[in-house]
Trainee: 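This is the structure, below, for whatever I ask next.
Quantities reported herein were computed from a predicted structural model and do not represent experimental measurements. FYI, side chains are in, hydrogens and waters are out, and symmetry mates aren't considered; it's all heavy atoms of this structure.
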Number of protein chains: 4
Amino acid sequence: MTRREVQASVKDERLVMKRRDQMIKGAVTLFKQKGFHRTTTREIARAAGFSIGTLYEYIRSKEDILYLVVDRMYDQIRERLQKDLDTNQGTVASLKSSIAYYFRQMAEMQDEVLVMYQEAKSLTKDALPYVLNKEIQMVGMFEDVIENCVKNGELTLDEKQIKLIAHNIFVEGQMWAFRRWALQKAYTLEEYIDMQLDLLFYGVQGERSTKE
Amino acid sequence: MTRREVQASVKDERLVMKRRDQMIKGAVTLFKQKGFHRTTTREIARAAGFSIGTLYEYIRSKEDILYLVVDRMYDQIRERLQKDLDTNQGTVASLKSSIAYYFRQMAEMQDEVLVMYQEAKSLTKDALPYVLNKEIQMVGMFEDVIENCVKNGELTLDEKQIKLIAHNIFVEGQMWAFRRWALQKAYTLEEYIDMQLDLLFYGVQGERSTKE
Amino acid sequence: MTRREVQASVKDERLVMKRRDQMIKGAVTLFKQKGFHRTTTREIARAAGFSIGTLYEYIRSKEDILYLVVDRMYDQIRERLQKDLDTNQGTVASLKSSIAYYFRQMAEMQDEVLVMYQEAKSLTKDALPYVLNKEIQMVGMFEDVIENCVKNGELTLDEKQIKLIAHNIFVEGQMWAFRRWALQKAYTLEEYIDMQLDLLFYGVQGERSTKE
Amino acid sequence: MTRREVQASVKDERLVMKRRDQMIKGAVTLFKQKGFHRTTTREIARAAGFSIGTLYEYIRSKEDILYLVVDRMYDQIRERLQKDLDTNQGTVASLKSSIAYYFRQMAEMQDEVLVMYQEAKSLTKDALPYVLNKEIQMVGMFEDVIENCVKNGELTLDEKQIKLIAHNIFVEGQMWAFRRWALQKAYTLEEYIDMQLDLLFYGVQGERSTKE
DNA sequence: CATGAATGAGAGTTCATTCAT
DNA sequence: TATGAATGAACTCTCATTCAT
């Protein structure tokens, strides 16, 4: 389950990548504004800077575009995350800093995140598993980091707890985007990060050091 | 900001309510299966048990149906929640039980929850504020209960913390639905509830009583 | 293998028949002029006197129209033929008169015949058997009449010969249409009929009464 | 009315012929399978072994290809026929043998025959006369042979009869192809030839030698 | 001469909405 | 009130043809 290839009529791989870049860029903007279903293929072509005929030289169907968009987003997020998590040292301090980093990344890509989570269901039965698999991989990255903390004796958690915590972290990162209408009115991003970290590690009742 | 009225041609209020009941019931089933955009008005009319002509006697546009559906869902959820929260006594024990109750309700209505969160963006700019307002009200209900705990001296939290905790609870309830593909494979509902409550109150590092 | 039903969205059977009549009439005219592939569904709708939307209330796909057209043609031809062959008395004289009658019918419907034989191949794999079956039935009608002559002792032919003769008659009737560019320049219809009957019964070398 | 020239951008006559050979060969295969309209120019180019750009260096439009194909088929058939008819000695025996030869040729080329007769109508008004003219020439070849028999006193037929007989022969040869679904189930090719010759020369009522 | 990426008119089909009955 | 036939704008997708390289 590595990747579902989207067929192109054009042979030149370089060109395919370039055109798909344009296409994805245009599509993301439009999907953000009006969603997948309300965006027409012609609009996407126009936004990408070429004709409808050309668009279809690089995809097979409209749904391919959605797949490409979602695929690209996951890759971007994972790439950034990977880079950071690789430096992780298996300490709680390091874990916190990775979570904060992840929250900031999601905040930066919040439009993309919204598209991803609202339109993913429009993917065909065919493409959905690939996408879910990517999500599982990303959650897995956090699970690994947490597990390191456990191995280092910094935390005491069993497998099930680790998994759930990883999911929570993941969703809290997305929350900033999909509940923006409430959260971004009430908190600054850094406030949100601090408070969520606090809650995550010490809980509602936990003895907390005073907020600095 | 109480409620956005959906215009009907038919005058008989009794009949309007009856027909809309049928309509909503049919639409929910269809939206669950295929989403709002892939469901046609004809299908909704058929599922509701009357003709397309009749359907349009009770709504103005297809989007009205989505609004009615989402509106109804919120009402149902809030109604159940209200009933439970009214008995709340402002203790941590009582709060936990309310959260658990809420999680179970969301699990029971998970299809509806999915429809709500995936299709809400298809509402017009016009209807969205009403819907968001309902969401805010519901989060507010949790805020009130938590505040009671604070007033009773059972918890020490400021306003901002209360709001964030309420949002977290809310989202964790929805998570069971929208991350079902991962969570429902790994946990039973009661496991999920126990573990989330644990994390919520004591955090990752908190000294936890052993799981009973 | 009686008939392949073409689905209509409209329920009123009377109306379906009426609209399909209009549709077929319009389509035949257009198919004659430009063939099936060069005729658009919009043109057919216009020729039928209604909108493209209405057209699709009575068919499922463009190919349905071709099927309806071909189906209708066969029915018309067979109906006329049936009526005549029913009066057939199993004599050679009567057989000749039936053949002549058939030739005249085909001449009258020559446009339809052309459409039928040039476009039939555009039918889907799905519909073709039904159409071929109709053709076989019609050839069978001639086989029966010839067989009567044999039973009455007017002709001496075995099964295989009867079948081939029936096919020849059939094709000679169509020839007047699909080789019109040559035949209709060289012969009047009645000439053609007389000469073909002559050749059919007496052959190239047969002792013929002198042509009047 | 000799031949309608298809314009090429390429000057080298040798090359033009070579490329057109490839093109026709590829196109015939495809037309046999899916007909003219359902075959794309890209497919033809690929089947011919060169690019779509190159294809258009040797033709002006897609329809040119159909013309080239049909033209080529006629040439092939006529060539074979010519070779045989040249040896014809103006006797009935010789005529029969030529007819049998022609039937066998048509059986061998039945796919081509089908393409020719089903797609000819797709030729433009412009090209059709050239094609019909070829057909007339070929019928004429049979007329000549029959006339020889008349001149030699082997047959007694007037001009009109000769022409009609030639057309009949011609169509009976094609019949084996375009009514294959019925005839090729019921008869072997040699049976078909024997029986048609018998009917042609002696008719339905003719005193025939018993079939062996 | 050969290539194949680019084009856009035009195809078939759908479906929200209307309105005469 | 209820019906469902009629509408046509709008959608996705195809493909013959061109032209810069």
Trainee: Could you give the CZ-to-P distance, from A:Arg20 to E:dA5, as a whole number of Å?
Mentor: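 After rounding, the gap between these two atoms is 13 Å.
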Trainee: What is the separation between atom CD1 on B:Ile59 and atom P on F:dA2, rounded to the nearest whole Å?
Mentor: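 My rounded result for the distance is 14 Å.
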Trainee: Calculate the interatomic distance between A:Leu15 atom CG and F:dT21 atom P; express it in whole Å.
Mentor: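 So the CG-P distance, A:Leu15 to F:dT21, works out to 13 Å.
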Trainee: Reckon D:Thr40 touches a base, only the sugar-phosphate, or nothing at all at heavy-atom distances under 4.0 Å?
Mentor: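 Sugar-phosphate contact only - D:Thr40 comes under 4.0 Å of backbone atoms but never of a base.
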Trainee: Whole angstrom is fine here: how far is it from CE in C:Met17 over to P in F:dA5?
Mentor: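 Result: 16 Å.
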Trainee: Rounded to the nearest angstrom, tell me the gap between atom NE2 in B:His37 and atom P in F:dA10.
Mentor: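 Value for this atom pair: 16 Å.
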Trainee: Which nucleotide wins on minimum distance to the side chain of B:Ile52, given the candidates F:dT7, E:dT17, E:dA5?
Mentor: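 Nearest to the side-chain atoms of B:Ile52, counting from C-beta on, is E:dT17.
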Trainee: Nearest whole Å is fine: how far is E:dC15 P from B:Ile65 CD1?
Mentor: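 Value for this atom pair: 14 Å.
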Trainee: How many whole angstroms separate atom NZ of B:Lys62 from atom P of F:dA10?
Mentor: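 For the pair B:Lys62 NZ and F:dA10 P, the rounded distance is 16 Å.
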Trainee: Does E:dT14 have its OP1 or OP2 closer than 4.0 Å to a side-chain nitrogen or oxygen of C:Tyr56?
Mentor: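 Answer no for this pair, as no side-chain N or O of C:Tyr56 is under 4.0 Å from OP1 or OP2.
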Trainee: F:dA9 pairs with which nucleotide, Watson-Crick or G-U wobble, both distances below 3.5 Å?
Mentor: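 Looking at the geometry, F:dA9 pairs with E:dT14.
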Trainee: Would you say the side chain of C:Arg42 and the base of E:dT13 hold a donor-acceptor pair, judged only by whether the two atoms sit under 3.5 Å apart?
Mentor: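 Indeed, a donor on one side and an acceptor on the other fall under 3.5 Å apart.
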Trainee: Do the side-chain N and O atoms of C:Tyr74 and C:Glu135 include a donor-acceptor pair separated by under 3.5 angstrom?
Mentor: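 There is such a pair between these side chains.
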Trainee: Starting from C1' on F:dA16, measure out to CD on D:Glu43 and report it in whole angstrom.
Mentor: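 It works out to 13 Å between those atoms.
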Trainee: Closest nucleotide of DNA chain E for A:Phe50 versus for B:Arg38: which of these residues is on the 5' side?
Mentor: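 Nearest nucleotide further toward 5': that of A:Phe50.
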Trainee: Would you classify A:Lys18 as touching base, sugar-phosphate or nothing, given that sugar-phosphate means primed atoms plus P, OP1 and OP2, and contacts are heavy atoms under 4.0 Å?
Mentor: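 Since no nucleic acid heavy atom lies under 4.0 Å of A:Lys18, the category is nothing.
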Trainee: Both C:Thr54 and D:Gly53 contact DNA chain F. Taking the nearest nucleotide for each, which residue is further toward the 5' end?
Mentor: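 Nearest nucleotide further toward 5': that of C:Thr54.
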Trainee: Test the D:Lys62-D:Phe36 pair against the cation-pi criterion, namely NZ or CZ under 6.0 angstrom from the six-membered ring centroid and within 45° of the ring axis.
Mentor: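 Here D:Lys62 passes the 6.0 Å and 45° test against D:Phe36.
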Trainee: Using OP1 and OP2 only, check whether a side-chain N or O of A:Tyr58 sits under 4.0 Å from E:dA6.
Mentor: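 True: A:Tyr58 side-chain N/O within range (under 4.0 Å) of E:dA6 OP1/OP2.
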Trainee: What nucleotide among F:dA2, F:dA5, E:dC1 has an atom nearest to a side-chain atom of C:Val10?
Mentor: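 Closest of the options to the side chain of C:Val10: F:dA5.
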Trainee: Checking all strands, does D:Thr41 fall into the base, sugar-phosphate, or nothing category for heavy-atom contacts under 4.0 angstrom?
Mentor: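 The residue D:Thr41 makes base contact.
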Trainee: Indicate, with a heavy-atom threshold strictly under 4.0 Å, whether A:Arg19 touches base, sugar-phosphate, or nothing.
Mentor: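 Sugar-phosphate only.
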Trainee: For D:Ser9, answer base if it contacts any base atom (sugar-phosphate contacts may also be present), sugar-phosphate if it contacts only those atoms, and nothing otherwise; contact means non-hydrogen atoms under 4.0 Å.
Mentor: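 Counting heavy atoms under 4.0 Å across all strands, no contact is made by D:Ser9.
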Trainee: Over 60° means perpendicular and under 30° means parallel, so classify the ring planes of B:Tyr67 and B:Tyr130, tilted if in between.
Mentor: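 Geometry flag for B:Tyr67 against B:Tyr130: perpendicular rings.
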Trainee: When all nucleic acid strands are considered with a 4.0 Å heavy-atom cut-off, which category describes B:Ser51: base, sugar-phosphate, or nothing?
Mentor: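 It contacts base atoms.
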Trainee: Between D:Glu119 and D:Leu66, what is the shortest heavy-atom contact and its length?
Mentor: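 Scanning both residues completely, I find the closest heavy atoms to be O-CD2, 3.5 Å.
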Trainee: Take A:Glu63 and C:Glu57, find for each the nucleotide of DNA chain F with the closest heavy atom, and name the residue whose nucleotide sits nearer the 5' end.
Mentor: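 Result of the comparison: C:Glu57.
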Trainee: Applying a 3.5 Å limit to both distances, which nucleotide forms a Watson-Crick or G-U wobble pair with E:dT21?
Mentor: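 Per the H-bond distance test, F:dA2.
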Trainee: Look at C:Glu57 together with C:Arg19 and state whether they make a salt bridge at an N to O cut-off of under 4.0 Å.
Mentor: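 Between C:Arg19 and C:Glu57 there is no salt bridge, as every charged N stays at least 4.0 Å from the carboxylate O atoms.
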Trainee: Please check if atom NZ in B:Lys18 has more than 12 non-hydrogen atoms from other residues, nucleotides or ligands closer than 6.0 Å.
Mentor: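 Check fails, neighbour count at 12 or below.
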